[in-house]
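One structure below.
This chain uses plain numbering: 1 for the first residue, then up along the sequence.
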Amino acid sequence: MVLPLAVTDPAELARLEKLFGAMWNIKRAAQRDARAKADAYWAAEHERARDGAKTVRQRLGLSREALERCAYKHLEDSGHLKHHASKALAMHMADEVWNGVQRHLFADATGKRHGPPKTGRWYDFTRIPGRARSHTTDRKWETFRLVGTLYGHVMAYTGGGRHTVQQPRRMRVPAAPSGVVLTGETTTSGKPGTRKATWWDHTGPLAVVFAGGPDSGRGDLGLPVRIPQQPGQWARAEYFLSNPGRWHKVDLVRRRKASAPGGWVYEAHLMILGPGYTAPAVRQLRKQAAALDRIGGVDGNVSNISIVSFPASLEPAEGAPASTEITLSPQERALLEREAKKRRGRARALERSRRATNTAQYGLSKKQARRAEQRAAKGLTPKAVTLPGGARAARVDGVPKQAFRRDRLSTGYRELRARQAEAAASSAEHRRHRARTVARQIIAAHGPVLVVEDCDIRTWYRLWGKRLSQTTPGLLIAALGRECTAAGGRLVRASTWSTALSQHCLCGERVNKSLRDREHRCIACGLVGKRDMVSAALAAFVRFTDVDDPTTAYLDTTASRHAQITFNEGLEEALRESTTPCQNTPRGAGRVAVPRQRRGTSAPRTAGQRSRATPDETRPARDQAGKPGHRPGRDPQLTLCELRIKS
């Protein structure tokens with residue numbers, strides 16, 4: 001859970017900034033040591049062949065314990081760092097560096113290794129990992145600890161329960177407990193025993209406490225916690241904060257915010273021992289989705305996502321085909337246009353600021369050069385240009401003479417760049433929220449057992465990058481996979497090479513279509529419908545010999561033809577438009593039910609004019625008998641109804 005910290009005292013803010021600065025110095029030193037050791041490891045090729053890689057790593061100190069000792073040495077050798085950071089924080093920062101080095105030294109399951117460790121930037125350093133609390137030893141929490149109780153916090157900011165929670169902008173820092181408390185034990189004289197009060201005895205408002213460095217004489221650093229108060233957040237806060245025994249770990253995180261003092265806001269990321277919080281409405285929706293006995297298919301497209309589902313028994317008495325088409329609503333399109341306009345304005349402002357502070361790196365534009373020539377011809381003094389509009393000074397091969405990282409940046413430039421990063425983070429969170437909401441609506445209507453084509457979204461971005469950034473089909477499909485798993489089902493991926501869903505009809509006939517053709521017309525059975533809807537319907541009849549291997553997918557044309565005959569008119573209606581309108585779609589969640597549109601091809605697409613064929617335009621490999629998609633000796637097929645049991 002993310003707990004915002006109310007850091008309003010200038011002294012506490014300065015101390016917190018110094019803590020981040022000290023930890024950044026320790027991390028940078030550890031990264032440099034790790035980079036030097038990794039380079040030496042790869043340079044010792046003959047020694048690795050003679051003595052073994054493990055022996056070379058032990059000699060160079062390429063291990064978690066060795067990096068921790070390096071971090072300890074940096075902390076002890078620099079006298080000022082011990083005023084701010086502790087040895088436990090240095091150890092955990094070294095562990096963070098070792099995680100990156102480990103991915104560089106050892107290949108993963110796919111045989112790939114990450115690049116060599118590098119020293120990051122100061123503005124990218126946003127997290128100080130804390131040490132987990134001990135649940136076997138009483139009163140042991142060595143770094144950042146969360147103190148207080150939810151009840152004490154509510155009582156402090158509700159006037160004893162007389163009004164709702166109102167946390168002011170400047171929240172008071174809780175005082176450290178003083179005096180003595182009863183231990184519940186009796187002494188030899190028969191009197192009750194006492195001990196000195198500590199933060200473990202604090203039952204007031206919630207706060208994050210750090211004891212400081214070993215040489216610090218300023219006492220504990222206490223940061224008041226601000227509980228989120230948005231609608232529906234109280235149940236989540238109560239789930240995380242009501243039981244202090246489940247509090248496990250606290251990380252200190254900072255986030256860029258131009259309007260905040262110092263340009264940063266600080267948060268405490270709390271981890272608990274237990275499952276994450278799920279709202280009761282979401283749990284009920286997933287429970288209802290798990291009870292649906294349906295099979296469905298998903299077709300992801302650049303501009304929309306289509307879903308078609310059938311009753312698992314393929315009997316009309318059990319239900320009818322249902323279809324959903326996720327598109328951008330007019331309100332969403334208008335919002336995206338406004339955001340794009342603001343983004344372009346910020347980019348132009350950043351470029352103007354860079355040019356104004358680095359005039360020597362840019363030449364004059366054609367208009368500015370013409371004006372300079374006219375003034376020179378008239379004998380006037382040359383006019384200084386404060387904002388050159390020409391190209392950047394570069395070498396013959398086009399490389400700039402001065403790297404962009406060496407440019408001077410004004411304070412306004414940094415502030416505007418921070419606001420741009422805030423807007424980008426807000427837009428990303430909005431897209432993730434929309435994806436989760438739409439995914440829950442999909443499984444509520446079609447069930448959690450779905451099949452989708454195994455497409456590489458990265459190739460789509462090379463063709464329709466700007467459009468994909470608006471509709472985000474990959475984000476929606478990923479969210480749909482998580483919701484299917486949470487509801488007890490599964491989103492299975494099928495290879496496009498062995499199925500070619502967009503090139504087939506439900507009757508089994510092959511209907512070749514290019515990407516420009518957005519309507520399906522079969523001359524064999526006369527079926528007419530949207531291309532994406534037909535592909536989604538065919539995905540429901542994909543079978544697997546191994547559900548974990550997309551290449552073993554094949555199309556069961558017998559079942560699809562049976563469904564076409566059984567449902568007839570209902571299926572044709574579902575393939576023309578959405579049949580599952582949603583009345584509870586929140587603002588910005590996407591339009592689930594779209595009105596009937598005039599049938600016809602869409603606007604020309606650049607992909608349809610390229611010489612390279614896409615996977616759904618390429619015919620599947622033929623076997624020796626010449627039958628497309630036929631695989632002799634196939635194992636017994638797995639239906640989608642069996643996926644729930646297997647998963």
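To the nearest 0.5 Å, atom OG of residue S427 and atom CZ of residue R343 are 7.0 Å apart. Here the CG atom belonging to L527 is positioned 6.5 Å from the CG atom belonging to L571, to the nearest 0.5 angstrom. One distance of note links CG of N304 with CZ of R518; it measures 7.5 Å at 0.5 Å rounding. Here the CD-OG distance, from E573 to S323, works out to 8.0 Å after rounding to the nearest 0.5 Å. Atom-to-atom distance recorded for M533:CE and I307:CD1 is 8.0 Å, nearest 0.5 angstrom. Taking CG of L328 as the reference point, atom CZ of R333 lies at 5.0 Å (rounded to 0.5 Å).
Put simply, the side chain of L491 reaches to within 4.5 Å of the side chain of I477, judged on heavy atoms. Residues R490 and C484 fail the side-chain proximity criterion, which asks for heavy atoms closer than 4.5 Å. Looking only at side-chain heavy atoms (C-beta outward), F541 and V451 stay at 4.5 Å or farther from each other. Looking only at side-chain heavy atoms (C-beta outward), L480 and L450 come within less than 4.5 Å of each other. Contact annotation: the side chain of S306 never approaches that of V298 to less than 4.5 Å [non-hydrogen atoms, C-beta and beyond]. Here the side chains of Q361 and P400 are not in contact, with every heavy-atom distance at 4.5 Å or above. Under the 4.5 Å side-chain criterion, counting only non-hydrogen atoms from C-beta, V542 is in contact with L501. In this structure, the side chains of T126 and Y123 stay at 4.5 Å or more apart for every pair of heavy atoms.
Ion pairing between a basic and an acidic side chain is recognised when a charged N comes within 4.0 Å of a carboxylate O; R255 and E422 show no such pairing. Under 4.0 Å is where a charged nitrogen must lie from a carboxylate oxygen, and between R392 and D407 at least one such pair does. Of the charged side-chain nitrogens involved, at least one lies within less than 4.0 Å of a carboxylate oxygen, so that E325 and K530 count as a salt-bridged pair. A salt bridge does not link E337 to K341: none of the charged nitrogens lies less than 4.0 Å from a carboxylate oxygen. Here E415 pairs with R419 in a salt bridge; the nearest charged N to carboxylate O distance falls below 4.0 Å. The pair R521-E519 meets the salt-bridge criterion, since a charged nitrogen lies less than 4.0 angstrom from a carboxylate oxygen.
Relative orientation of the H104 and W42 rings is perpendicular, given thresholds of 30° and 60° on the angle between their planes.
Side-chain atoms of E267 and H269 include a donor-acceptor pair closer than 3.5 Å. Between the side chains of R417 and Q420, not a single donor N or O lies within less than 3.5 Å of an accepting N or O. With no hydrogens or angles considered, a side-chain donor-acceptor pair links H520 and K513 at under 3.5 Å. Checked by atom type, the side-chain pair Y413/R354 shows a donor-acceptor distance below 3.5 Å.
The cationic group of R254 lies under 6.0 Å from the six-membered ring centre of W122 and within 45° of the ring axis, placing it in a cation-pi geometry.
The two atoms that bring S514 and R531 nearest to each other are O-NH1, 2.7 Å, heavy atoms only. Heavy atoms only, all atoms of each residue included: G389 and Q368 are closest at N-OE1, 3.1 Å. Nearest heavy-atom pair across G447 and L292 is N-CD1, 3.7 Å. Closest of all the heavy-atom pairs between W460 and C455 is CZ2-CB, 3.9 Å.
Other residues, nucleotides and ligands place no more than 12 heavy atoms under 6.0 Å from the CE atom of M271.
Pairs engaging residues 438-451 under the salt bridge (Lys or Arg N to Asp or Glu O under 4.0 Å) rule: R440-E483 [sequence neighbours left out]. Every pair passing salt bridge (Lys or Arg N to Asp or Glu O under 4.0 Å) that includes a residue from residues 109-121 is listed here, sequence neighbours excluded: R121-D124.
With sequence neighbours left out, R32 forms a side chain to side chain contact (heavy atoms under 4.5 Å, CB included) with R28, T119. Partners of S410 according to the side chain to side chain donor-acceptor pair (under 3.5 Å) rule, which considers only residues two or more places apart in sequence or in another chain, are S353. Looking at residues two or more places apart in sequence or on another chain, you find no salt bridge (Lys or Arg N to Asp or Glu O under 4.0 Å) involving D299. Every residue was checked against the side chain to side chain donor-acceptor pair (under 3.5 Å) condition with R493, not counting sequence neighbours, and none meets it.
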>> The test is side-chain hydrogen bond (donor to acceptor under 3.5 Å, both in side chains); show your working for R408 and T357 and say whether it passes.
In response: CA-CA 6 Å; R408 292 187 302 108; T357 53; 5.6 Å; no
